[in-house]
Amino acid sequence: MVQLYNLHPFGSQQVVPCKLEPERFCGGGRDALFVAAGCKVEAFAVTGQELCQPRCSFSTLGRVLCLAYSEAGDYLAVIEEKNKATFLRAYVNWRSKRTENCRVCIRMLGHNVEAPFNETYKDQMSIIEMPLSEAPLCISCCPVKGDLLVGCTNKLVLFSLKYQIINEEFSILDFERSLIIHIDNIIPVEISFCIGYVALMSDLEVLILKLESDPKNGESVNHQPPKTNNPMKQTEDVSNETLQLESDDFVICQKPMELLGEKSSQSGISVTLESTGLADEKTKYYHVQHLLYKRFAPDISSYVFSDDIKLHSLQLLPIYQTGSLTSGRKNLSQEKELLSLFCFFSLPHVGYLYMVVKSVELMSVYQYPEKSQQAVLTPQFLHVIASNNLQCFTVRCSAAAAREEDPYVDTTLKACPPVSMDVCALRIQLFIGLKAVCHFKNHLILLTKADPEAIPERRDSPKRLLSRKGASGKLKAPSVAEAGWNLYIVDTISPVQLYKEMVDYSNTYKTAKTQSCIHLLSEAHLLVRAALMDAHQLEPGEKAELLEAFKESCGHLGDCYSRLDTQHSHLALPYYKMSGLSMAEVLTRADWVLEDGSQKYERGLIFYINHSLYENLDEELSEELAAKVVHMFHAAEPKQLPHILCSPSMKNINPLTAMSYLSKLDTSGFSSILVTLTKAAMALKMGDLDMHRNEMKRHPEMKLVCGFILEPRLLIQQRKGHIVPTDLAAHLKDTQPGLLVASVLGLQKNNKIGIEEADSFFKSLLCGPSFDIASIIPFLEPLSEDSIAGLSVQVLCQTRLKEYEQCIDTLLERCPEAIIPYANHELKEENRTLWWKKLLPELCHRIKCGEKGQLYLSSLKETLSVVAVELELRDFLNVLPEDGTAAFFLPYLLYCSRKKSLT
């Protein structure tokens, strides 16, 4: 039994003003509700909170047995019966049927309508006849493309939606019979179709297939019907076999079975594709992929009651990529990009929800408190009707879709409640005499009858139901004497309103520190997630309100995981990140005081603070909050205290407070080095140089290097994306430069910092005038010259040692593109002569034998421009190479000879 919360997901309720007792009804799209009775269909407009208003009504050519609406194409597909024969028709342009006596156009599918197209004909409702070789049993419209799938005995027929272009300004809707799916040994009672995914259901079996449009391995398509698949002959064979097996004494009952993925092809059900479409058809299905086969065994003790052993409410539910829709209404449905797909079906006392896109997986099992009659699945809820109540269950569709959409879910960055989390019932609402239900947008359409002895629609013998060859029975016409019916529209309340109620409800569990608090807040979070995934139906204000609720729900879940001692306490970190709360806000709202007045810090909060302080956030805690953090870690994780104090976020900690806690720590093992270095840093911050020196003398320099490797932030910190040396590093630059350089090199070799970070650090220190370069040269030898960082440090050191010629050689060999910027910066005043005494001859020589000719040539031209300005003509001629090409040097010689006249 699932957990029941007494919440209020249902809002306003109104009665649909039907003139006749409804036999069939369906809704969909923006505002369409269709109610069928006999040979008449009434269409109603359902918009927002306004009353349901009649829009139009029209007569069908036969009694309506089944109807389905498609938003793509805005048409109504109907299975009709007349003179004991069934027909399939599509009613298009029905919104133009303003009066009962308006003219109607009847045409065959594929019939070419020739221009000129009469203006009055354009505004008429059209009935498209869709001939079939066998009687249609059930239908389903693809919610994305509008294609129509029809279930017949041992086959499914696919009609593709298309448009006939009449002229430049107008086109009419049409269909093409594009594919026949031959399926042996199963007769569909219900089917569902969505972008190539096919689900079909008999009384006790469910089969899910995917039609592949890529020609690859699989059951290939035929262009002629298979000769071995004779439905009439197969039916006769099965019937004869069953008659031989069945008697008055026993029945044949097959074992239950579940096959997932490719294993479902071993179910014994043969599937063959027969292409019937045109050669230029845009979407062609070449083979079929088996996804799921599930067979149930009836309870023998209850087989007398036929409906107790039948499946019902087969449904494929798509969830689309967020933000993939455009605002254009006409192509709205065709521009949806599928993210996830779910399949639901149900027995009278238990329902099953599967995920079927990338992998086939059973997500949830729903145990109903009493026998169900019908169910409808939405991205937010599962609505189930029993004879006298309406049940609302939670679903995990948004949890599964979130993981498909965002690869960062289930990391330290983002989180989402698990798909495996137990479902719950939000409410069981008393509703007398429920018979049928359908859903569209936020509306539930409910049919009630006061007569409790209503005859079931499908009447089959118990023996027939226990065998595989069940058939779709004839639908029973309502008795004239039956009365006391109503058709209701029940609106579900807004997601934000229900979310707020769930949060208020969760407060009853907050002080008890139970898992129920997390469970209910997780349900609220998934509710908001699901609403945001359906954002194309939201107004801008609604979306902003949902986003705010989403962040708030993440904060509530962060509070739960930080407060409760659970195995998933680490989830406090990603939920707090998603909430947008700062570290200071989290610390302020954290409840640390227990009922007895003591303080306890759970793992979730410690994990969040510890991880946040390691992330180099550009957030500085106040002195008060920093002191609270130090107290928290001293009580819960004392070994982490030196690391915590080195975080840039703890910059405002009072050093006296930090020293008092550090002095209480156990200083055994390697932790003693960290404690010593942290104390030294705090002493420096206090201005107590004597204490600083005493702490630094406690260990030899090599151990101190190891301490810096354990905690690099003692020397280097990152603030606003830049590497900044700490005050301790700046002090060591003057007092112990060898220790500083050895420590930074140790950090780089142990991958504690990157090469670029080491480079930035050395550049910031080596450029200082007080730094003794000669004393640290031995420590720099391990730094690799193959990296940009190593080269930069080497050139900086050589420059500080005034070894300019070596720098020129190094740069010309390793990085010639940097030679001119370096020369412009360093070869000045007394070093200016190196332009023509060192750089110019080196470039002339390297052009002859070097592989980087273009780089050297460009640098040579820049160098000649400088030398022509600096030297007199005679001196300029003396520094030029004797074997040079005169034409190359002539422009520079001319400039040098004219510069006196120019001045």
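Sequence positions, counted from 1, serve as the residue numbers for this chain.
Counting only distance, with no hydrogens or angles, the side chain of T276 and the backbone of L179 share a donor-acceptor pair below 3.5 Å. Under a 3.5 Å cut-off, the side chain of S398 and the backbone N or O of L526 do form a donor-acceptor pair. The main-chain N or O of G73 is never found under 3.5 Å from a side-chain atom of S70 such that the two would form a donor-acceptor pair. A donor-acceptor pair under 3.5 Å links the side-chain atoms of D147 to the main chain of L161, judged by distance alone. In this structure a side-chain-to-backbone donor-acceptor pair under 3.5 Å is present from S192 to L316. With hydrogens and angles ignored, the 3.5 Å screen pairs a side-chain donor or acceptor of Q373 with a backbone N or O of L434. S372 places no side-chain N or O within 3.5 Å of a backbone atom of Q374 that could act as its donor or acceptor partner. Although no hydrogens or angles enter the test, the distance criterion places no donor-acceptor pair under 3.5 Å between the side chain of R177 and the main chain of M130. Put simply, the side chain of E23 gets close to the backbone of G38: a donor and an acceptor are under 3.5 Å apart. Remark: the backbone N or O of G433 is paired with a side-chain donor or acceptor of N388 at under 3.5 angstrom.
W94 and F34 have perpendicular rings, their planes meeting at more than 60° on a 0 to 90° scale where under 30° would count as parallel. The aromatic rings of Y366 and F393 sit perpendicular, their planes meeting at an angle over 60°, well past the 30° parallel limit.
The aromatic ring centres of Y488 and F431 sit less than 6.0 Å apart. The ring of Y69 has its center no closer than 6.0 angstrom to the ring center of F25. Aromatic pair Y91/Y75: centroids not less than 6.0 angstrom apart. Taking the six-membered ring for Trp and the full ring otherwise, H525 and Y499 have centroids separated by 6.0 Å or more.
Side-chain atoms of E501 and H8 include a donor-acceptor pair closer than 3.5 Å.
The side-chain tip of K162 does not point at the ring of F175 from less than 6.0 angstrom away and within 45° of straight on. A cation-pi contact, defined as under 6.0 Å to the ring centre and within 45° of the axis, is absent between R295 and Y293.
Just one residue in the list K441, H443, R55 forms a side-chain hydrogen bond (donor to acceptor under 3.5 Å, both in side chains) with D31, and that residue is R55.
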